[in-house]
Amino acid sequence: MSVSSNASSPTPSSPDNEINLDDFETQHRSGHWLNRVVFALSIFLAVAHVYINTIGTLPELWVSSFHFAGFGALCALLVPARPKWRDSKLALFFDALIVLALIVMVLYIVFFEDALYARGVTFDTGDWIVSSVSILLALELIRRTSGWFIPLLILVALTYVVWWGKWLAGPFSFPGLSVETLLYRSFFSTDGMFGPISRISWSFVFMFILFGAFLVKSGAGDFIIDLSRSLASKMIGGPGFVAVLGSGLMGSVSGSSVANTVSTGVITIPLMRKAGFPARFAAGIEAAASTGGQLMPPVMGAGAFIMASYTQVPYVTIIGVAAIPALLYFLSVGFFVRVEAKRSQVTSTAVVGVPVSQVLKEGWHHIVPLGVLVALLIKGYTPTYAAGVGILAVIAASWLSKTHRMGPIRILDAMAQGAKNMSTTAVLLIGIGLVVNVISTTGVGNTFSLLISDWSGGSLLLTIILVAIASLVLGMGLPVTASYIVLGTLSAPAIFNLIAQSQLLEMMSNGTLPQAAHAVFMLVDPTSISKLAEGMPMDQASALLAQVPADFKGMLMDQALGANTVAMTLLTAHMIIFWLSQDSNVTPPVCLTAFAAAAIAKTPPMRTGLTAWKLAKGLYIVPLLMAYTPLIGGDTETLIRLTIFAIFGMYALVAAMEGYLEDKLPIPTRVLALIAAILMLWPHFSLWLQLIGLVIFLALFVIGNKTYAKNNAPA
């Protein structure tokens, strides 16, 4: 498991009496002794992080620096500075010096941090050298593992603070800080590279990556594929649904779309092609379904943990409200599978699989660790504690299997694999912490949010479109998690304010504004109180709200909406951004998930990306539903209604896009399908209009089913 888009795919488990060092072969280097060093270092890092996250009580700055040093050393040994230096002993010598420098960095923080504060936070020579070299090492390690884009972004951010920010005119002008202040805030404080993002990395993210590695080594990946094949064996277009189900279930414990594609795609893509699906469609389905892996609870990549930190909403609440949107996404991909299966006439091709009862009988124990994890989260235990107990549950449950019992060697193997999978993510999140620190220090985030609101003219739809474009551009160079962090910091306040204001305006228009909120309007327009009690036209409500000073709007929202609604609205804003950040996986010109699927299917990468982008339309529809409906945090009755109409509405939209619903749709009926989709998905229509849309869709479905049976009846 890995939250990084560069994660490797799961590897087969090694026997209990043998360590499979091939799992730890470095990407560009050979040498059995080096593999042993990497293996030993990986186990050490895993054990150390488990100790830190369970019974350790070390200062956070020490832990964060150790986290960076350990996984930075792992990256230095795994990936040389240039691929052609794979066998260069000189290059390996310099990488050993990097490892030594990282060790010195940790020791310096431990032994000389107090001396810095004793001098009144005035740098001496050692402080200048260590802080500068550490930042440069972070840039180099990120360049090796993730390319040039992120290091350049970090350099632009850091130089903006001390150099060229003061030369800018307009809202982004910044007077500047001294280099010493920048280095202190970036290195020694708990706001920079060793700040909140680093804390999330060494706690929540690592423990769940380790949990996923143990699941893979226990055979859970094979169980997921077998279960998917069994569940989809009788469905129309069964092989396509194996990809959707398998990627969804694998994503519930994986969190990396690329790793998800590689691990499940090697099975599902050939299966779909053999059944008769076009090769490009098969690759697109796998890419779209694997992209949804980061949307599927309980792991959701690193996004859920960062979201919990940003919004202060409990992690268990986040994964709870994320379940229905994730279900809608996978159903939308499944609708494309059914349509293409009918059109390509692969409906008679069943997936060969053992009965579901037999799969569950042989592999039910794989469900136990996930059940333990979710139960502990619901009970209120911290995610790190729940993940730690979940790992123990994986080990215990594995002994109910005849083939994947986890003895000491396999446990060490899983720990080392988890640490290796974490290496790229760790250095990436450390580096992104530098960007987040610049955004918070300079106030660029608030400025950017105000500009988005200004450019969109206060339109929530235009704001979401602007954020989607920004996420696509950032996603060309940033992994999904990093893209979400940057965009969430910059634009979440704008989306939150617009959604909250729309809810507030609706209450003012309906005359349902709580009495506690009337006091704010007394300061603005005392004559408006009677109108607020009776309700007013939307334009008058908007004009009245515009008169409220910005300093009072936060208090007004708290009084009018309530703490829970405000929290859910903030969570909605972050969830929208998190979903939109996924589109870089399937949207050309840079779509790593689609490229990985294309490599397996042997199809043109760019055309495969376009196909995957079309099949992943749920990435845009569901966030719109979040923005305009209470899909996040709504009551049970509202959620049931939203879910039912959203399911049929997306099916109707797929039919309109493809021109096919059980059978080919002529232009008039295709337009009817589009009308039905709009009626069911448009948030402000009445229940009766939504029911009319549902009736239209069902009528088209039944008619198409009959014409298909008639046209394909045997002669």
Side-chain angles (χ1 to χ4, degrees), residues 1-11 19-53 63-83 85-86 91-107 134 136-147 150-151 193-194 198 201-203 205-210 212-213 256 259 302 412-432 479:
M1 167 192 162
S2 174
V3 294
S4 166
S5 60
N6 298 314
S8 58
S9 60
T11 52
I19 295 178
N20 186 5
L21 286 177
D22 290 338
D23 285 352
F24 304 94
E25 185 176 350
T26 55
Q27 295 179 23
H28 299 286
R29 287 177 169 139
S30 58
H32 195 65
W33 70 269
L34 185 58
N35 295 337
R36 289 183 177 275
V37 171
V38 170
F39 186 83
L41 177 59
S42 299
I43 292 178
F44 168 72
L45 290 174
V47 172
H49 279 74
V50 170
Y51 167 78
I52 290 168
N53 283 291
V63 175
S64 294
S65 61
F66 168 76
H67 177 70
F68 170 55
F71 287 108
L74 204 56
C75 285
L77 296 176
L78 286 171
V79 187
R82 299 183 66 182
W85 294 347
R86 55 169 294 179
L92 184 58
F93 171 76
F94 280 108
D95 289 338
L97 292 181
I98 290 178
V99 175
L100 180 61
L102 290 168
I103 295 173
V104 170
M105 177 203 71
V106 178
L107 296 176
S134 297
L136 291 175
L137 288 178
L139 296 178
E140 166 60 13
L141 293 171
I142 295 172
R143 182 200 65 79
R144 293 188 185 192
T145 55
S146 302
I150 301 175
M193 59 191 294
F194 300 142
S198 173
S201 179
W202 57 255
S203 57
V205 177
F206 175 80
M207 290 300 290
F208 275 83
I209 282 181
L210 191 62
S256 168
L412 293 176
D413 204 9
M415 295 178 73
Q417 188 65 53
K420 182 186 174 185
N421 289 345
M422 180 67 192
S423 57
T424 300
T425 300
V427 296
L428 172 65
L429 292 180
I430 292 289
I432 290 299

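No hydrogens, no waters, no symmetry mates; every other heavy atom, side chains included, goes into these values.
For the pair N53 (side chain) and W202 (backbone), a donor-acceptor distance under 3.5 Å is present.
Shown here for S201 and A426, the closest heavy-atom pair between the two residues is OG-CA, 3.8 Å. Contact record, A76 with L141: N-CD2, 4.0 Å, taken as the closest heavy-atom pair. Of all heavy-atom pairs between G70 and L41, the closest is O-CD2, 4.3 Å. Of all heavy-atom pairs spanning A101 and L137, the tightest one is CB-CD1, 4.0 Å. In terms of heavy atoms, L74 sits closest to S423 at CD2-CB, 3.9 Å. Taking each heavy atom of L102 and A73 in turn, the nearest pair found is CD1-N, 3.4 Å.
Ring geometry, F66 versus F44: the interplanar angle exceeds 60°, so the pair is classed perpendicular (tilted spans 30 to 60°).
Note that the CG atom of L429 and the OG1 atom of T424 stand 10.5 Å from one another [nearest 0.5 Å]. Annotation: the span from F71 atom CZ to N421 atom CG amounts to 10.0 Å, rounded to 0.5 Å. In this structure, E140 CD and I142 CD1 are separated by 10.0 Å, a value rounded to the nearest 0.5 Å. Summarising the geometry, atom CG belonging to D95 is positioned 5.0 Å from atom CD1 belonging to I98; distances are rounded to the nearest 0.5 Å. Here the straight-line distance linking atom CG of L45 with atom CG of L210 works out to 11.5 Å at 0.5 Å rounding. Rounding to the nearest 0.5 Å gives a distance of 12.0 Å between CZ of R143 and SG of C75.
Side-chain atoms of S42 and M422, non-hydrogen and from C-beta on, never get closer than 4.5 Å to each other. No side-chain heavy atom of L428 sits less than 4.5 Å from a side-chain heavy atom of T425. Between L78 and K420 the shortest side-chain heavy-atom distance falls below 4.5 Å. When side chains are defined from C-beta on, W85 does not count as touching L92, because their heavy atoms never get closer than 4.5 Å. Residues V106 and F68 fail the side-chain proximity criterion, which asks for heavy atoms closer than 4.5 Å.
In summary, the side chains of H67 and S198 do not present any donor paired with an acceptor at a separation below 3.5 Å, with no hydrogens or angles considered. In this model, no donor atom of one side chain and acceptor atom of the other lie less than 3.5 Å apart for Q417 and D413.
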side-chain contact (heavy atoms from CB on, under 4.5 Å), that's the test. Do F194 and I430 meet it? Break it down for me. CA-CA 7 Å; F194 300 142; I430 292 289; 4.2 Å; yes
